[in-house]
2 protein chains.
Amino acid sequence: MGRRAEEYIEIIYDLSRGGERVHVKEVAERLNVSLPSVTEMFQRLAEAGFLNYHRYYGVTLTDKGRKLAEDLEKRHQTLKEFLHLLGLEEEEADREACKIEHVVDPETVKLLTKFVEFIEMHDSPRWLARFRKYYLSGELERCPKIKDGV
Amino acid sequence: MGRRAEEYIEIIYDLSRGGERVHVKEVAERLNVSLPSVTEMFQRLAEAGFLNYHRYYGVTLTDKGRKLAEDLEKRHQTLKEFLHLLGLEEEEADREACKIEHVVDPETVKLLTKFVEFIEMHDSPRWLARFRKYYLSGELERCPKIKDGV
DNA sequence: TCCTCTTGTTAGGCTACCCTAACTCTCTGG
DNA sequence: CCAGAGAGTTAGGGTAGCCTAACAAGAGGA
């Protein structure tokens with residue numbers, strides 16, 4: 001399975017919340033690809049056991065497909081959350097997460113998951129606010145405890 | 001240019017420190033691909049103006065190629081440094097950086113660059129050590145200033 | 001009902017990679 | 001100096017994606 005196939009799976013998952021079948025057109029619009037490209041991918045993913053595909057009907061995820069989708073979804077959320085927490089705006093964080101999630105391995109996901117947890121445990125620590133300011137302005141907020149001599 | 005092409009460029013850059021020409025075989029070994037695959041890519045990259053290619057001789061980077069390589073190198077270093085700083089072991093950090101660098105956009109690189117700088121400015125802050133411990137052990141080091149009631 | 005619009009599919013073709021088999025060049029050692 | 005080893009190239013083929021053009025199915029209104 002290529003990286004792109006994973007994106008199809010995620011989108012299908014997203015579009016099928018509630019168990020509805022997913023149509024070629026919706027997916028084509030999401031991915032900005034042609035209808036035939038989607039049909040073709042549906043067939044390949046069905047072949048590989050991720051989708052139930054019936055001509056002129058649409059697709060649903062198999063258990064295997066859903067499992068993969070849930071995994072990808074989790075990665076995506078982690079990565080997005082991480083990037084957003086550091087200061088990327090939400091849209092950007094989402095887009096970047098989308099690309100990174102297909103290449104990164106589980107250990108890295110774990111690392112970042114822990115990092116997000118760690119930050120959330122501390123309820124947005126002061127250093128994070130300081131970092132964000134640094135990222136946005138390029139300047140460091142003066143740390144009030146340290147006085148530089150004139 | 002596809003993602004893979006960028007990997008070729010980076011490897012060529014790395015193998016040509018000192019200005020030496022780079023041979024098909026070395027690249028093939030690095031990437032674990034066949035010799036013809038490398039020849040083919042050399043030709044494509046030369047066509048696109050990144051390499052000087054002469055049959056049976058080897059390649060050198062053009063200015064355009066070097067510029068790209070330097071950019072990729074910087075990204076790579078940033079990503080690796082970042083992952084390593086958080087606690088991934090060096091080899092792993094390197095491998096992951098390799099994959100991520102080809103998909104991420106400049107803003108994200110900037111974000112992570114700033115983050116690395118921020119940490120280094122503070123000379124490995126205490127929270128980082130605490131985070132690493134959390135990542136490795138799954139447990140939080142008790143923060144000495146906060147006492148929980150019995 | 002049936003005709004038309006929309007959606008879906010097939011056919012045929014493209015690029016970026018990858019491969020093996022077979023051939024060619026370079027270069028070094030005897 | 002020239003033969004053979006080893007490196008490089010060409011030819012031919014494969015997969016994953018993408019596209020357009022042309023045709024097919026199905027659903028809704030006259």
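We name chains A, B, ... by the order of the sequence lines, and we start the count at 1 in each one. Everything numeric here is computed off the predicted structure, so don't read it as measured data.
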What is the ring orientation for B/Phe115 with A/Phe115, classed by angle as parallel under 30°, tilted 30 to 60°, or perpendicular over 60°?
perpendicular
Taking OP1 and OP2 of D/dA16, is either one under 4.0 Å from a side-chain nitrogen or oxygen of A/Arg4?
no
Expressed as a whole number of angstroms, how long is the span from A/Met41:CE to C/dG8:P?
17 Å
Rounded to the nearest angstrom, tell me the gap between atom CG in B/Leu31 and atom P in C/dA16.
17 Å
Atom CZ of B/Arg44 to atom P of C/dT15: distance rounded to whole Å?
11 Å
Closer than 3.5 angstrom, by distance alone: can the side chain of A/Lys99 be matched with the main-chain N or O of B/Val103 as a donor-acceptor pair?
yes
Within the pair B/Gln43 and D/dT9, is there a side-chain N or O less than 4.0 Å away from OP1 or OP2?
no
Does C/dC18 have its OP1 or OP2 closer than 4.0 Å to a side-chain nitrogen or oxygen of B/Ser34?
no
Please give, in whole Å, the distance from D/dG26 C1' to A/Tyr57 OH?
14 Å
A/Leu35 CG to C/dT7 C1': how many Å, rounded?
7 Å
Touch check for A/Phe42, heavy atoms < 4.0 angstrom, all strands: base, sugar-phosphate only, or nothing?
nothing
On the six-membered ring of A/Phe118, is B/Arg130 placed so that its NZ or CZ lies under 6.0 angstrom from the centre and within 45° of the ring axis?
no
Using a 3.5 Å distance criterion without hydrogens, assess whether the side chain of B/Thr62 forms a donor-acceptor pair with backbone atoms of B/Gly49.
yes
Atom-pair distance (CD on A/Glu40; C1' on C/dG13), nearest Å
12 Å
A/Phe82 and B/Phe82: aromatic ring centres closer than 6.0 Å?
yes
Starting the side chain at C-beta, find the nucleotide from D/dG17, D/dA11, D/dG8 nearest to B/Pro36.
D/dA11
Closest nucleotide of DNA chain D for A/Tyr56 versus for A/Gly2: which of these residues is on the 5' side?
A/Gly2
Counting just side-chain N and O atoms, does A/Tyr53 come under 4.0 Å of either OP1 or OP2 of C/dT9?
yes
Under 4.0 Å between a side-chain N or O of B/His23 and OP1 or OP2 of D/dG8?
yes
If I take atom CD1 in residue A/Ile11 and atom P in nucleotide D/dG17, what distance separates them, rounded to the nearest angstrom?
13 Å
Check the phosphate of C/dC19 against B/Ser37, side-chain N and O only, distance under 4.0 Å to OP1 or OP2. Yes or no?
yes
With a cut-off of less than 4.0 Å, is there a side-chain N or O of B/Arg55 near OP1 or OP2 of D/dT10?
yes
So, is B/Tyr8 near the phosphate of C/dC18, with a side-chain N or O under 4.0 Å from OP1 or OP2?
yes
From CZ of A/Arg21 over to P of C/dT7, roughly how many Å is that when rounded to an integer?
13 Å
